[in-house]
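Protein chains get the first letters and strands the later ones, always in sequence-line order, with residue 1 at the start of each.
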Amino acid sequence: MGCGMTFASPFLATLESRGFIHQLTDAGALDAAAAEGMITGYIGFDCTGPSLHIGHLVSIMMLRHLQAAGHRPIVVMGGGTTKVGDPSGKDDARPLLDDAAIAANMASIRTAFERFVVFGDGPSDAVMVNNDDWLSTISYVPFLREIGRHFSINRMLTFDSVRLRLDREQPLSFLEFNYMIVQAYDFLELNRRFGCVLQMGGSDQWGNIVGGADLIRRVEGRQAWGLTTPLITRADGSKMGKTAAGAVWLNRDLLPDFDYWQLWRNTDDRDVARFLKLFTDLSLAEIDGVMAGDINAAKVRLATEATALCRGQEAADAAAATAAATFGGGAGEALPKFAVAEPVTILDALVGLGFAASKGEARRLVAGGGARVDGEAVVDEGVMVGPGGKVSAGKKRHGLIIAV
RNA sequence: GGAGGGGUGGCCGAGCGGUCAAUGGCAGCAGACUGUAAAUCUGCCGGGUUUUCCCUACGUUGGUUCAAAUCCAACCCCCUCCA
């Protein structure tokens, strides 16, 4: 969508040209600040799950572009805000997580960032902080007097996150109602600690972000800005992040490299150009070149570039090589494997590889003509497969039987 | 507090004493066509069992029946209207 403006600062110009910008506050002043010198910006991430997923990728890429343009990114782990729970875009309150669960999720999540931004002590090196560090020590009455007085209930009631709940007569607890205040306070705290002047996030965060920028202006008398991305959906209307098979995790231990690569490889034709801009480092000129060629080659390029960013070049190349070999009729190393001591039936092999949830489902797969051993369709469910065999379910799912 | 309506398979939504593992739609999986895409058409779509067999399922717990998702009772939860 974008705002159609032209920007003087490389950072905003890049975001705009690549489709990252949905809304931003005082574009002219932010552009001037970013053009003039280094700025510090942040994005917060909740720790409600064990890993971030590709729905978070747009935000992560913005931090990457921020750093690439010579600015300083701050990754805020929402150890504290996760305890409150963001009502934005939700009909119901999320179950509250305990400290141990949040800490575990946070530890798992932080590893994903190391591939996208460079952490360190240099001026534009990324910083990671946990907002629990300052939120958990807040004293109630002093907080109300310093921060709470700047928030108008009248206005808070008009924010979408609150209004939608009230309009639908869904419950909204006082705890959740405070989320925006707590997030606004984060921005203030980051402004004080790091001179952070920009908060970015998804479009559902607009209210929270503006709240923070307002708070900084009122308390510190300084200007701060907010920027949101559009909600990225696939051509079929589905949201990024999830497929019917489950969340598309960034962490390798939750989703194998090959599966991650395959996911991008199977991108809808209509999404390829857009995704190349959002999820790879290729320049716009390179993308034009790629798109001018074969669409399937473009998808391979998207898959390899996106996988390299998230999982490393080596993993991306291995996945690409495996795909080339496997879909060329052979088999690649990165395929799922099932270790057996002696030959098993095709049914057990399909279940063992995770291609069928039950023997009944495996049976149906065979009956429907979808099962293959070494490329040959299996018609008899009694067929045995031993180590070295390649088992396929449909055209896209392939696995290897190996010896224990 | 009073009066109604409802809770069904991943989701939506029929069924309202046996013929119900439960119509239909969506999602999903597979086949055909293709390009590891989309669209379209076809099949499958609780679990086990080499299959006119067994198990588990229609909010929960009991009951009536030869037989219940379907009837009764109590309880839990949701919605609407009245106070």
Side-chain angles (χ1 to χ4, degrees), chain A residues 90-93 95 165-172 233-248 255-276 279 290-307 316 318-332 334-336 344-373 375-385 390-399:
Chain A
K90 302 184 187 72
D91 273 348
D92 307 295
R165 281 279 188 92
L166 296 180
D167 285 354
R168 293 186 203 172
E169 298 188 7
Q170 299 285 348
L172 177 70
T233 55
R234 299 191 184 90
D236 65 6
S238 64
K239 284 185 198 168
M240 295 297 285
K242 285 174 185 135
T243 65
V248 182
L255 185 75
D257 295 333
F258 183 65
D259 293 356
Y260 189 81
W261 190 93
Q262 276 292 310
L263 188 105
W264 291 106
R265 170 61 184 82
N266 285 305
T267 296
D268 190 297
D269 285 11
R270 296 164 286 179
D271 291 328
V272 178
R274 199 165 112 253
F275 287 1
L276 280 166
F279 303 119
V290 169
M291 291 307 294
D294 176 58
I295 186 70
N296 284 307
K299 290 185 191 186
V300 169
R301 190 69 191 277
L302 169 63
T304 303
E305 293 290 335
T307 304
T322 289
T326 305
F327 289 94
L335 294 179
V344 295
T345 66
I346 178 69
L347 263 28
D348 288 325
L350 288 167
V351 173
L353 283 163
F355 296 160
S358 67
K359 276 201 184 181
E361 191 179 317
R363 230 181 284 276
R364 281 180 232 120
L365 192 60
V366 172
R372 257 176 280 264
V373 172
E376 296 296 317
V378 173
V379 287
D380 175 7
E381 56 185 52
V383 166
M384 305 298 284
V385 206
K390 183 179 87 162
V391 173
S392 311
K395 288 175 191 145
K396 290 188 220 165
R397 294 181 294 168
H398 306 277

With heavy atoms under 4.0 Å as the rule, sort [X] into base, sugar-phosphate or nothing.
X: A:Arg364; answer: sugar-phosphate
X: A:Trp261; answer: base
X: A:Ala323; answer: base
X: A:Lys359; answer: sugar-phosphate
X: A:Asp269; answer: base
X: A:Arg372; answer: sugar-phosphate

Which nucleotide in the set B:U51, B:C29, B:A38 lies at the smallest distance from any side-chain heavy atom of A:Arg270? B:A38
Less than 4.5 Å apart, side chain to side chain, heavy atoms only: is that true for A:Val272 and A:Trp264? no
When you compare the side chain of A:Asp259 with that of A:Leu263, does any pair of heavy atoms fall below 4.5 Å? no
Does [X] place a side-chain N or O at less than 4.0 Å from the phosphate oxygens OP1/OP2 of [N]?
X: A:Arg363; N: B:U49; answer: yes
X: A:Ser358; N: B:G48; answer: yes
X: A:Lys396; N: B:A37; answer: yes
X: A:Arg397; N: B:A30; answer: yes
X: A:Lys395; N: B:A32; answer: yes

Pairing nucleotide - [N], Watson-Crick or G-U, each distance under 3.5 Å:
N: B:C29; result: B:G43
N: B:U80; result: B:A3
N: B:A69; result: none
N: B:C75; result: B:G59

Nucleotide B:A27, atom P - distance to NZ of A:Lys239 in whole Å: 17 Å
Rounding to the closest angstrom, what is the interatomic distance between [N] and [M] at atom [atom1]?
N: B:U42; M: B:U56; atom1: P; answer: 37 Å
N: B:U23; M: B:A14; atom1: P; answer: 14 Å
N: B:A37; M: B:G31; atom1: P; answer: 11 Å
N: B:G48; M: B:A39; atom1: P; answer: 31 Å

Going by the angle between their ring planes, with limits at 30° and 60°, are A:Phe279 and A:Phe275 parallel, tilted or perpendicular? perpendicular
With A:Arg301 via salt bridge (Lys or Arg N to Asp or Glu O under 4.0 Å) - residues at least two apart: A:Glu305
Checking side chain to side chain contact (heavy atoms under 4.5 Å, CB included) for the pair A:Arg363/A:Leu347: CA distance, chi angles, key distance, verdict? CA-CA 6 Å; A:Arg363 230 181 284 276; A:Leu347 263 28; 3.7 Å; yes
Taking for each residue the nucleotide of RNA chain B with the nearest heavy atom, is it A:Glu381 or A:Ile295 whose nucleotide lies nearer the 5' end? A:Ile295
How far apart are the C-alpha atoms of A:Lys395 and A:Arg372, what are their side-chain angles, what is the distance that settles it, and do they pass the side chain to side chain contact (heavy atoms under 4.5 Å, CB included) test? CA-CA 9 Å; A:Lys395 288 175 191 145; A:Arg372 257 176 280 264; 4.0 Å; yes
